[in-house]
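Please read the structure below before turning to the comments.
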Amino acid sequence: MRNRSLLPGAPDAAVPANPVRPGTELLRRQNLRSVLSALRLNGSLSHTDLSSLTGLASATVTALTADLEKLGAIGREEQTVAGVRGRPRVLFSRSAAFAHVVAVQIASDALHYALSDFRGTLIDRFSLARDAMSSRPDRFLAEMAGALERLLQRSRLHPSSIALLSLCSKGIVDPEGGRLLWSPVFGRDPVDFQPLLAAFPQAALGVENETLLVAQALSRRNLPQLAGPDGSTGLVALSLGHSIGLGIARSEGPGGVLSVTAPNFGHMLNTVDNRLCRCGAYGCVEATAGFYGILRLAFQVPENTIPAKFVPLSEMEKIATAARQSNRMAQYAFRQAGLTLGQGLSRVLSLAGNLPIVVTGPGTRFFDLLKAGMEEGLSQSLHVRLNGPPVIETIPDEQSLVFEGHLDRALTAVDERLTASR
Ligand SMILES: [Zn+2]
């Protein structure tokens, strides 16, 4: 995320640094983030609950909440219980209007816009089909600028109340530079989103990989079936569709700090063959396991042609129906896709350790046809033979995962910026 100096809600916003050693200051910022994060995940909390959830001493919580109240980032509310005498209970919560975030998901067929307040409450959300002309970056940016203006007008918010404009896409992103470096839609034409910030004087810019956000959301859902036998939590998110995405989430250290990455799995070389990938290379995972790879094999299209820029789901359903009715080429295509995914995943597990796998995206509709190949591909590696096959779960609703992960990551970034020194 590229930083601007201040947050909208507070004219002199960064939490004032005390004249203390750098290590102490770092710890204080981390503690401030813990308090903000606990309030975001739980809504309103009493002093006692904040202390037990964050593991911070009571006096520390008093000092931190006082700082955050002074900034306007959190507020307090006194709750009197009817019929009970004595002091009212004080509950802290994040101040909804302190800052806002705009989250935009750039999908191949549509753009999904969302606006949330500082508490994480959704204020507005709409989707727009992509303009056919907008495969040119300049046209695309103009289209986005118009939609962002509409989002602000509908909510009647002042542009300076937006603290973060966060975008996500499939492909390879440059989060620091605010750019999309390679994507299925624009290919190698980089898209620089910085010009969009002109309309938001106080906002920082974030660009994230879409499947990284899926991994982030899954780790927040804290699915018990994904916890490792040693109490560790981590998972691999695999997105199946026209392209193939992968995210790895791990919770590290005693405080469970979440770290999420999105290695370039879809365009990892799987096998030296003649299957041309949309990226221009041969033998990528996607060239066999992406929708167009499956279609190409099923219809015996020459391997060095890219069948279509976008394969409609209805076409894939037809191939799947044929495979389920024992059409041999259709079965072969899905099996090859499964095998490629299994082999690729076995490499990921060899490098990252034994993690459970969650499969999501439109390709989960065909999981029955992919499963046997996937298991075979996984079992070909020594790692899986020694450790046993990974737990694999499917969660088809990718859209909700992307959205959840996006807001979570965006608000975490706003908290980080708020607590960072100037
Ligand atoms: Zn590729």
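Counting starts at 1 for both ligands and their atoms, in listed order. We use all heavy atoms of the structure for the numbers below, so side chains are in, but hydrogens, waters and symmetry mates are not.
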Can you give me every donor-acceptor pair (side chain of residues 338-346, partner residue at least two apart or in another chain, under 3.5 Å) with its distance?
from: Thr340; atom 1: OG1; to: Gln336; atom 2: O; distance (Å): 2.9
from: Gln343; atom 1: OE1; to: Asn270; atom 2: ND2; distance (Å): 3.4
from: Gln343; atom 1: NE2; to: Gln380; atom 2: OE1; distance (Å): 2.8
from: Ser346; atom 1: OG; to: Gln343; atom 2: O; distance (Å): 2.8

Heavy-atom side-chain contact between Leu36 and Thr419 under 4.5 Å
yes

Salt bridge (Lys or Arg N to Asp or Glu O under 4.0 Å) pairs touching residues 192-218, sequence neighbours excluded, are Lys170-Glu210, Glu208-Arg409

Around the Zn ion (ligand 1), what protein N, O or S atoms are found below 2.8 Å?
His267 ND1, Cys277 SG, Cys279 SG, Cys284 SG

Checking Arg125 against Phe403: charged group under 6.0 Å from the ring centre and within 45 degrees of the axis?
yes

So, using salt bridge (Lys or Arg N to Asp or Glu O under 4.0 Å) as the criterion, who are the partners of Asp174 when residues are at least two apart?
Arg179

Mark yes or no: Arg150 above the aromatic ring of Phe126, with NZ or CZ under 6.0 Å from the six-membered ring centre and no more than 45 degrees from the axis.
yes

